Amino acid sequence: MTTTAPPRRNIPAALLVPAPTSSPAPAAEPAPPVRRVPLVISGLLVVALTAYVWSTHGAKPGTLLLLGLGLGLALFHSRFGFTSAWRQLVAVGNGQGLRAHALLLGTTATLFALIIGSGTGLFGSVPAPSAGPLGVGLLVGAFVFAVGMQLGGACASGTLFAVGSGQSSIVLTLGGFIVGSTVAAWQFDLWKDLPALDPVLLSDHVGWFGSWAVTIAVLGLIVLVSRRVQARRNPPPISTPPSARGAARVLRGSWPLVAGALALAVLGAGVLLVSGGPWGVTSAFSLWGSRVVDALGGNPANWSFWQQPGNAEMFAGPVLKDKNSLTDIGIMIGAAVAASLGGTWALHRGIPGRTAVAAVLGGVLMGIGARLAGGCNIGAYLAGIASGSLHGWIWGATALLGTWAGIRLRPLFALGNPKPGDGIC
């Protein structure tokens, strides 16, 4: 008697099949009507600010502002988050968001390898990778940041696009973020000499092609493992935001996570091309807070942090010429445009007391953590891994541990977590 061997599974094809969930993802509701008043206001801000920056500071800052606007549109329309993706993974095993991260990281790494490896830059810039020291500050900072983003309800990029879309509680998170970043800059002498090893860039050892190949291989492994975990835990599906239909979906959303990841990678590579440095977020918060302290009669220019090479020039220069300030402001306004087009822009009132406390506390922790770690989920995690820097991988792994801790603290502030029996997560 002969038996027929089961057909060999085509692994690449299998990877294209959605990982299993306990039930199908709910269908997207139709997008509400365009919010005309917020759209007009945000549109006028786009025109006025772009014209001012372009005429006052030149084409390079003007281009960075436009890239920030594009990042805000892409972040909001795809609802591309880091906080919720890690919470869904740790709480119930849904790895859809993490796999979107892998696509963003892999595409960005590919573009970075081409740009930095060839030395291509615009406006006279010389592209450079993001590399950070490996030490206590990185470990403590990434952990604290991850706890903060679970309490505050958003990561660095998520805070910006949520504020732009009118989410009032996240305005509190942003305020705490700026305060924490400023306090960390003020107390720079307390943490600047924490034990650390020198940065490690893969390209210094195996070249840019080798660095890219190792990064893609590790990301591929993460995708496979996340699918195995999801198949075993069979989690609830991720909620589906309201969406326009047909061609209108491009402008009104919502976009698939895949589209968001690709758009963010291209726009982030644009920031590198124009400025010479990767996309970042949180250094601008230290600058904004320190400028407020200066306006109130303090003297932050004498802080050790602002006397460091590069930081002194940042503090002395115009805010609307600072790379991260331009992209941060652009993200908020771009998200306001996107939310208005999608019909979802709204100010949320009546924030519960414990939610407000968690938002401020989470923001403060993120501000401190980002400075200790030398970056956030964008400046350290995304830019670091895409640059082939070991500190980016360590940041991500430590942030997962911080997410686990943050999830356990959320109920103290009446904040919910996904559960296996939920209809959506």
Side-chain angles (χ1 to χ4, degrees), residues 64 67-68 71 80 82 98 100-122 125-135 137-139 141-142 145 155-157 196-223 261-284 309-310 323-324 327-328 369-400:
L64 286 169
L67 288 167
L71 288 165
F80 200 100
F82 295 81
L98 182 66
H101 292 184
L103 178 61
L104 170 61
L105 290 163
T107 307
T108 305
T110 302
L111 296 173
F112 274 26
L114 293 171
I115 294 169
I116 302 174
S118 64
T120 303
L122 300 177
S125 64
V126 179
S130 174
L134 315 176
L138 173 61
L139 296 173
F145 184 95
C155 57
S157 54
L197 301 174
D198 290 336
V200 175
L201 274 172
L202 290 175
S203 58
D204 292 339
H205 304 278
V206 295
W208 273 106
F209 177 78
S211 173
W212 171 83
V214 170
T215 300
I216 296 300
V218 175
L219 291 172
L221 180 61
I222 289 171
V223 169
L262 295 175
L264 292 172
V266 171
L267 291 164
V271 173
L272 176 65
L273 271 172
V274 171
S275 69
W279 173 28
V281 174
T282 56
S283 66
K323 180 194 78 169
N324 289 350
T327 52
D328 286 1
R371 293 281 60 79
L372 288 176
C376 60
N377 57 294
I378 301 298
Y381 174 62
L382 172 58
I385 290 177
S387 298
S389 175
L390 185 57
H391 91 288
W393 291 106
I394 293 174
W395 194 101
T398 309
L400 277 176

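Source: prediction; values computed, not measured.
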Chemist: Roughly how far, to the nearest 0.5 Å, is NE2 of H391 from CG of L139?
Modeler: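 Atom-to-atom, L139:CG and H391:NE2 are 12.0 Å apart.
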Chemist: Atom OG1 of T107 and atom CG of L219: how far apart are they, to the nearest 0.5 Å?
Modeler: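 If we round to the nearest 0.5 Å, T107:OG1 and L219:CG are 9.5 Å apart.
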Chemist: I need the minimum non-hydrogen distance between L111 and A265, along with the two atoms involved.
Modeler: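 The answer is CD1-O, 3.6 Å.
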Chemist: Between S118 (side chain) and I115 (backbone), is there a donor-acceptor pair under 3.5 Å?
Modeler: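 Yes, the answer is positive, given that a donor and an acceptor are paired below the 3.5 Å cut-off.
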Chemist: Drop me the distance from L105's CG to I222's CD1, to the nearest 0.5 angstrom.
Modeler: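 It comes to 8.0 Å.
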Chemist: Taking I394's backbone N and O only, do any of them form a donor-acceptor pair with T398's side chain (distance below 3.5 Å, no angle check)?
Modeler: yes
Chemist: So, taking the atom named CG in L104 and the one named CG in L98, what distance separates them when rounded to the nearest 0.5 Å?
Modeler: 11.5 Å
Chemist: Decide whether S389 and S387 meet the rule of one side-chain donor and one side-chain acceptor closer than 3.5 Å.
Modeler: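 No pair is found: no donor N or O on one side chain lies under 3.5 Å from an acceptor on the other.
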Chemist: Grab the two heavy atoms, one from P278 and one from A128, that are nearest each other, plus how far apart they are.
Modeler: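 Taking every non-hydrogen atom into account, CD-O, 3.7 Å.
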Chemist: May I ask you to test the L264-L71 pair for a side-chain heavy-atom distance under 4.5 Å?
Modeler: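 In short, these two side chains touch, coming nearer than 4.5 Å.
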Chemist: Evaluate the side-chain proximity of S211 to F112: yes if any heavy-atom separation is below 4.5 Å, no if none is.
Modeler: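 Not touching, per the 4.5 Å side-chain cut-off.
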Chemist: If I take atom CG from residue L202 and atom OG1 from residue T215, how far apart are they, to the nearest 0.5 angstrom?
Modeler: 5.5 Å
Chemist: So which atom in Y381 and which in G392 form the shortest heavy-atom distance, rounded to 0.1 Å?
Modeler: CD1-O, 4.0 Å
Chemist: Taking A380's backbone N and O only, do any of them form a donor-acceptor pair with S130's side chain (distance below 3.5 Å, no angle check)?
Modeler: no
Chemist: Show the nearest heavy-atom pair for residues L67 and V271, with the distance to one decimal.
Modeler: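 Heavy atoms only, the tightest pair is CD1-N, 3.6 Å.
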Chemist: How close do S125 and L122 get, heavy atom to heavy atom, and via which atoms?
Modeler: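 Heavy-atom minimum between the residues: OG-O, 2.7 Å.
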Chemist: Starting from the C-alpha separation in whole Å, work towards a yes-or-no answer on side chain to side chain contact (heavy atoms under 4.5 Å, CB included) for I116 and L272.
Modeler: CA-CA 9 Å; I116 302 174; L272 176 65; 3.8 Å; yes
Chemist: If you define the side chain from C-beta out and look only at heavy atoms, does anything of V218 sit under 4.5 Å from W393?
Modeler: yes
Chemist: Would you mind reporting whether V281 and N324 have side-chain heavy atoms less than 4.5 Å apart?
Modeler: no
Chemist: Less than 4.5 Å apart, any side-chain heavy atom of W212 and any of L114?
Modeler: no
Chemist: For P199 and P133, which heavy atoms make the closest approach, and how far apart are they?
Modeler: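 Minimum heavy-atom separation between P199 and P133: CG-N, 3.8 Å.
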Chemist: Measure the CH2-CZ distance between W395 and F145 for me, rounded to the nearest 0.5 Å.
Modeler: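 Those atoms lie 5.0 Å apart.
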Chemist: V274 versus K323: any side-chain heavy-atom pair under 4.5 Å?
Modeler: no
